[in-house]
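Inspection log for the structure reproduced underneath, given as structure tokens.
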2 protein chains.
Amino acid sequence: MISHNSCRKCEIREQALCSALKGHDANKLHQISYRQQLTKGKVILQGHKEPKWLAVIVSGVVKLVCTKCDGRQQIVGLQFPGDFVGRPFGNLGSLRVEAVTDVSLCCFSRQPFEEILRAYPDLEHSLLHRIYDELEVARQWIFTLGCLPARAKVATFLQLFVERVHKSTGIKNAKFSVDRQYDLPLSRTEIAEFLGMTIETVSREIGYLKSESVIETIGLRGLRVQDFDRLKALAECEET
Amino acid sequence: MISHNSCRKCEIREQALCSALKGHDANKLHQISYRQQLTKGKVILQGHKEPKWLAVIVSGVVKLVCTKCDGRQQIVGLQFPGDFVGRPFGNLGSLRVEAVTDVSLCCFSRQPFEEILRAYPDLEHSLLHRIYDELEVARQWIFTLGCLPARAKVATFLQLFVERVHKSTGIKNAKFSVDRQYDLPLSRTEIAEFLGMTIETVSREIGYLKSESVIETIGLRGLRVQDFDRLKALAECEET
DNA sequence: CGCTACATTGAGTTACCTCAAAAATTGTGG
DNA sequence: CCACAATTTTTGAGGTAACTCAATGTAGCG
């Protein structure tokens with residue numbers, strides 16, 4: 001489903017890349033943008049192919065996946081509303097970008113977008129900032145995967161997910177509820193693929209967190225954090 | 001030790017960021033640059049502090065380290081000659097940058113460098129490319145750490161190290177020898193810190209590779225790859 | 001040549017994995 | 001609205017890869 005875009009009432013205008021263009025110039029991106037809705041599970045971009053478009057996530061969550069020949073998968077990144085998807089002036093390497101939930105994207109046709117990037121250094125400057133931030137996040141995960149035991153991995157995942165959601169709560173229309181109750185977009189399988197462990201271990205560790213009243217689950221996807229400080233302490237390996 | 005710089009005969013001119021400035025403009029960076037030699041183990045940049053300068057690695061190898069409160073460390077990235085170190089318009093977060101070997105850096109004072117970046121969009125554009133590449137490498141490591149067993153991790157490390165060295169062999173003065181013999185810059189401890197495993201396991205896996213005649217070690221740091229295809233196969237988990 | 005730092009090897013333990021079964025949640029058709 | 005099927009998650013028992021601790025071996029340096 002494709003529809004036209006109106007930046008004025010855009011839910012994520014403030015946090016997205018596009019906000020780097022001010023006043024008169026703001027129109028430039030608007031002219032080449034269009035909205036696209038994709039359902040859960042749809043592949044958004046496939047690495048190695050030159051993509052036709054790049055996009056800003058308006059709503060929903062997206063995962064970056066590496067697939068091994070034997071079928072095992074590793075999620076190497078998650079992206080949330082306001083994040084930029086795709087690599088201008090290149091492709092995504094061996095990555096696949098996939099919708100974790102239903103997503104709404106604000107898409108920009110590739111070539112005109114690249115031209116605008118070159119024409120407006122402020123825009124490219126802003127993109128540089130974002131990519132540096134993503135790099136920092138990626139390195140944070142390297143640390144988590146390399147150093148932490150299963151319990152701390154799960155706690156770290158939940159902690160960072162919750163913090164990331166709060167960052168997005170300024171966003172109108174955000175699906176994330178308040179008062180420490182959240183809608184976990186990832187299945188246990190996906191959490192396992194992200195943390196480099198098995199679904200059983202993820203389940204056991206979540207079970208432990210529940211038994212200790214650190215968190216509470218509501219149905220399969222509902223999550224309430226009862227003791228955020230404790231969660232953080234577990235993420236730092238400060239208790240067992 | 002600090003000395004002045006002469007871009008003309010720079011060993012890494014072609015592969016480094018500075019090559020983005022052509023002709024007349026090339027001088028701009030030269031004017032604010034100076035060489036610096038640092039010995040093995042020296043801390044180059046400390047995260048969270050606003051750095052006084054940014055740099056291009058001229059020779060040597062550098063590691064990016066996350067330190068956990070309990071003293072355990074994780075190496076989250078390695079950088080080689082031609083790579084850019086530091087984050088302009090920001091700081092490195094919780095990272096520490098440290099010399100793995102003796103290193104020679106071409107440093108740029110922070111503020112003037114940032115001004116030049118803003119003044120020459122081509123330069124910033126080139127930096128954007130590099131950071132995207134680093135992000136891709138970081139995600140590759142997330143995959144390696146999350147998905148692969150110890151043997152494949154070690155094989156992957158050796159493979160990528162060797163490939164990365166070959167990428168630098170165009171560089172004059174490069175310390176890396178030809179005919180598949182290399183000088184491993186990292187100690188076993190550092191390899192373990194990079195791969196998220198113990199020094200004993202690293203040692204055992206390297207022992208296995210030796211026993212299978214995939215590699216050969218010469219002294220503590222010398223490495224010769226006897227069967228690169230086999231190494232790659234092991235990195236892909238295609239045999240045990 | 002001896003000292004120190006680093007690397008290897010060995011034995012026993014453990015955290016996480018694998019395989020298998022039970023339970024819970026969600027979706028669907030009567 | 002309820003019962004049933006499909007899917008996902010949880011729980012259990014047993015195995016194994018990688019860890020820990022300890023001892024031995026080897027490079028490199030003064």
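Because the structure is predicted, anything quoted here is derived from the model rather than measured. Below, chains carry the letters A, B, ... as their sequence lines are ordered, and counting in each starts from 1.
One can place CD of B:Glu193 at 16 Å from C1' of D:dC19, the figure rounded to the nearest angstrom. As rounded to whole Å, 14 Å separates atom P of C:dC17 from atom CG of B:Leu148. What separates CD1 of A:Ile206 from C1' of D:dT11 is a distance of 14 Å, to the nearest Å. Protein atom CG of B:Leu184 is 13 Å distant from nucleotide atom P of D:dG28, rounded to whole Å. We find that CD1 of B:Ile191 is positioned 8 Å from P of C:dA7, with the value rounded to whole Å. The separation between A:Leu220 atom CG and D:dT7 atom P is 14 Å, rounded to whole Å.
In B:Lys68, the NZ atom is crowded: over 12 heavy atoms of neighbouring residues, nucleotides or ligands sit closer than 6.0 Å.
With respect to the salt-bridge test (charged N to carboxylate O, under 4.0 angstrom), the residues B:Glu205 and B:Lys153 do not qualify.
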Could you go through B:Arg139 and A:Glu134, starting from their C-alpha distance and side-chain angles, then the distance that decides it, and tell me whether this counts as salt bridge (Lys or Arg N to Asp or Glu O under 4.0 Å)? CA-CA 10 Å; B:Arg139 286 177 171 154; A:Glu134 275 195 46; 2.7 Å; yes

Give the intermediate values and the outcome of salt bridge (Lys or Arg N to Asp or Glu O under 4.0 Å) for residues A:Glu212 and A:Arg230. CA-CA 10 Å; A:Glu212 291 282 303; A:Arg230 192 92 197 279; 2.8 Å; yes

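Within 3.5 Å, a donor on the side chain of A:Arg204 pairs with an acceptor on the base of C:dT18, or the reverse.
Contact check for A:Gln140 versus A:Glu136: no side-chain heavy atoms found under the 4.5 Å cut-off.
The shortest distance between the side-chain N/O atoms of B:Thr201 and the OP1/OP2 oxygens of D:dC19 is below 4.0 Å. Taking 4.0 angstrom as the limit, A:Lys210 places a side-chain polar atom (N or O) nearer than this to OP1 or OP2 of D:dT10. Side-chain nitrogen and oxygen atoms of A:Ser203 include none within less than 4.0 Å of the OP1 or OP2 phosphate oxygen of D:dT9. Proximity of B:Thr198 to the phosphate of D:dC19: a side-chain N or O atom is located under 4.0 Å from OP1 or OP2.
Residues B:Ala155 and B:Ala235 approach most closely at CB-N, 3.6 Å, considering heavy atoms.
Minimum atom distance to the side chain of A:Arg188 is reached by D:dT9, of the listed C:dC16, D:dT9, C:dA7. Looking at the side chain of B:Glu200, the nearest of the listed nucleotides C:dA7, D:dT10, D:dT20 is D:dT20. Nearest to the side chain of A:Ile199, among C:dC16, D:dT10, C:dT8, sits D:dT10.
Nucleic acid contact class of A:Gly219 (heavy atoms, under 4.0 Å, all strands): sugar-phosphate only.
Computed from C1' positions of five pairs at each end, the angle between the two local axes of the helix from C:dC1-D:dG30 to C:dG30-D:dC1 equals 40°, rounded to 10 degrees.
Relative to the six-membered ring of B:Tyr182, B:Arg224 misses at least one condition, a distance below 6.0 Å or an angle of at most 45° to the axis.
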